[in-house]
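Encoded as structure tokens, the structure appears first; notes follow it.
The first residue in the sequence is number 1, and the count goes up from there.
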Amino acid sequence: MNKKESSSVLETMDKSELVELVDSLLWQYRVIDAFWFLNVEKQYGLESAESINTAVWGKVGQLAARDIIKRFGIEEKGLAGFEKAMRYYSWKLMDCFDIEHKDGELIATSSNCPAQMGRLKHGLGEYACREMHFHEFDSFAKQIDSNIVTECIFAPPDPHPEDLFCKWRIYIP
């Protein structure tokens, strides 16, 4: 199916079918990411998988933000631009983290991390995701506004509350 054919198929779908398709694509995306990581870990070890994951997600954050800005015409800078762009980001759409305003900054938290929950469910233990998410969020933020600072409050391998995997502060000094 070429681009023209796939576009015509999408144009025939009603809203509920499009929503269902997006949900399916997001699920597929999560599955691809999970099995990619698990297989890199199996072949090269956890430390290598974490290192490669950091490089990949740093680039994903940058390219995703650039695409979202262009596709959705986001012109705002600063935290308003970051928050607006995040509404369209795949991992935000999958409800992997929440963002709240607090005293002129944004606090991003994840109580429902599919990757960590899946690993724990299968007895694999948490993986160190702090560096990966730092590079992901920071590269995403820098596409919106180079003045945005990303700070990790905690994320694996850091100790964290049972009901929260990570917590991030996004702000402009």
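- Checking side-chain atoms of Arg119 against main-chain N and O of Glu126 turns up no donor-acceptor pair under 3.5 Å.
- Of all heavy-atom pairs between Thr109 and Leu164, the closest is CB-CD1, 3.7 Å.
- Using a 4.5 Å cut-off on side-chain heavy atoms (C-beta onward), Phe140 and Met86 make contact.
- Neither side chain, Ser139 nor Gln143, offers a donor N or O lying under 3.5 Å from an acceptor on the other.
- Clustering ILVMFWY residues whenever any of their side-chain heavy atoms sit less than 4.5 angstrom apart, transitively, puts Ile99 in the very cluster that holds Phe134.
- Note that CD of Glu105 is 8.5 Å distant from CG of Leu79, once rounded to the nearest 0.5 Å.
- Remark: the Glu136 side chain and the Tyr89 side chain contain an N/O donor-acceptor pair separated by less than 3.5 Å.
- Side-chain contact between Cys96 and Cys113 is absent, with no heavy-atom pair separated by less than 4.5 Å.
- Using a 30° and 60° split on the angle between ring planes, Phe165 and His160 fall in the tilted class, from 30° to 60°.
- With hydrogens and angles disregarded, no donor-acceptor distance shorter than 3.5 Å links the side chain of Asp138 to the backbone of His135.
- Remark: Arg30 CZ to Trp91 CH2 distance equals 6.5 Å, nearest 0.5 Å.
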Using the rule given for side-chain hydrogen bond (donor to acceptor under 3.5 Å, both in side chains), can you reason through Glu20 versus Ser24, listing the C-alpha separation, both sets of side-chain angles and the distance that settles it, and then say yes or no? CA-CA 6 Å; Glu20 199 62 36; Ser24 176; over 6 Å; no
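- The hydrophobic clustering, which links ILVMFWY residues whose side-chain heavy atoms are closer than 4.5 Å, places Tyr88 and Ile144 together.
- Side-chain heavy atoms closer than 4.5 Å link hydrophobic residues (I, L, V, M, F, W, Y) into clusters, and following such links, possibly through other members, connects Tyr29 to Phe37.
- Atom CH2 of Trp36 has more than 12 neighbouring heavy atoms from other residues, nucleotides or ligands inside a 6.0 Å radius.
- The cluster map of Ile, Leu, Val, Met, Phe, Trp and Tyr, joined by side-chain heavy atoms under 4.5 Å apart, puts Phe72 and Met94 in the same cluster.
- Using a 4.5 Å heavy-atom threshold, the side chains of Asp163 and Ser111 count as separate.
- Atom OG1 in Thr150 sits 10.0 Å away from atom CG in Leu106 (nearest 0.5 Å).
- Trp168 has its ring centre less than 6.0 Å from the ring centre of Phe137.
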Please tabulate, for side-chain N and O atoms in residues 12-19, each donor-acceptor pair with protein atoms closer than 3.5 Å (sequence neighbours left out).
from, atom 1, to, atom 2, distance (Å)
Thr12, OG1, Val9, O, 2.7
Asp14, OD1, Ser16, N, 3.1
Asp14, OD1, Ser16, OG, 2.9
Asp14, OD1, Glu17, N, 2.9
Glu17, OE1, Asp14, N, 2.9

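- Leu124 is listed as a side-chain neighbour of Leu38, based on a closest heavy-atom distance under 4.5 Å.
- Side-chain contact between Leu25 and Gln28: present, with at least one pair of heavy atoms (C-beta onward) separated by less than 4.5 Å.
- The shortest distance between side-chain heavy atoms of Leu26 and Ser90 falls below 4.5 Å.
- Smallest separation of non-hydrogen atoms from Ile172 and Gly78: CD1-CA, 3.5 Å.
- Put simply, the side chain of Lys121 does not reach to within 4.5 Å of the side chain of Gln116, judged on heavy atoms.
- Linking Ile, Leu, Val, Met, Phe, Trp and Tyr whenever their side-chain heavy atoms come within less than 4.5 Å puts Phe97 and Leu93 in one cluster.
- Ile74 has its side chain within reach of Glu76: a pair of non-hydrogen atoms, C-beta onward, lies under 4.5 Å apart.
- Distance CG/Leu46 to CD/Glu41: 4.5 Å, rounded to 0.5 Å.
- Ser51 OG to Glu131 CD: the interatomic distance, rounded to the nearest 0.5 Å, is 10.0 Å.
- Closest approach of Ala141 and Ile148 over heavy atoms only: CB-CG2, 3.5 Å.
- As a member of the Ile/Leu/Val/Met/Phe/Trp/Tyr network built from side-chain separations under 4.5 Å, Tyr171 groups with Val149.
- Taking every heavy atom of both residues into account, Ala108 and Ile170 meet most closely at CB-CD1, 4.0 Å.
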May I have the list of side-chain donor-acceptor pairs in residues 52-61 shorter than 3.5 Å, sequence neighbours left out?
from, atom 1, to, atom 2, distance (Å)
Asn53, OD1, Trp57, NE1, 3.3
Thr54, OG1, Glu50, O, 3.0
Thr54, OG1, Met132, N, 3.4
Trp57, NE1, Asp33, OD1, 3.3
Lys59, NZ, Gln62, OE1, 3.0

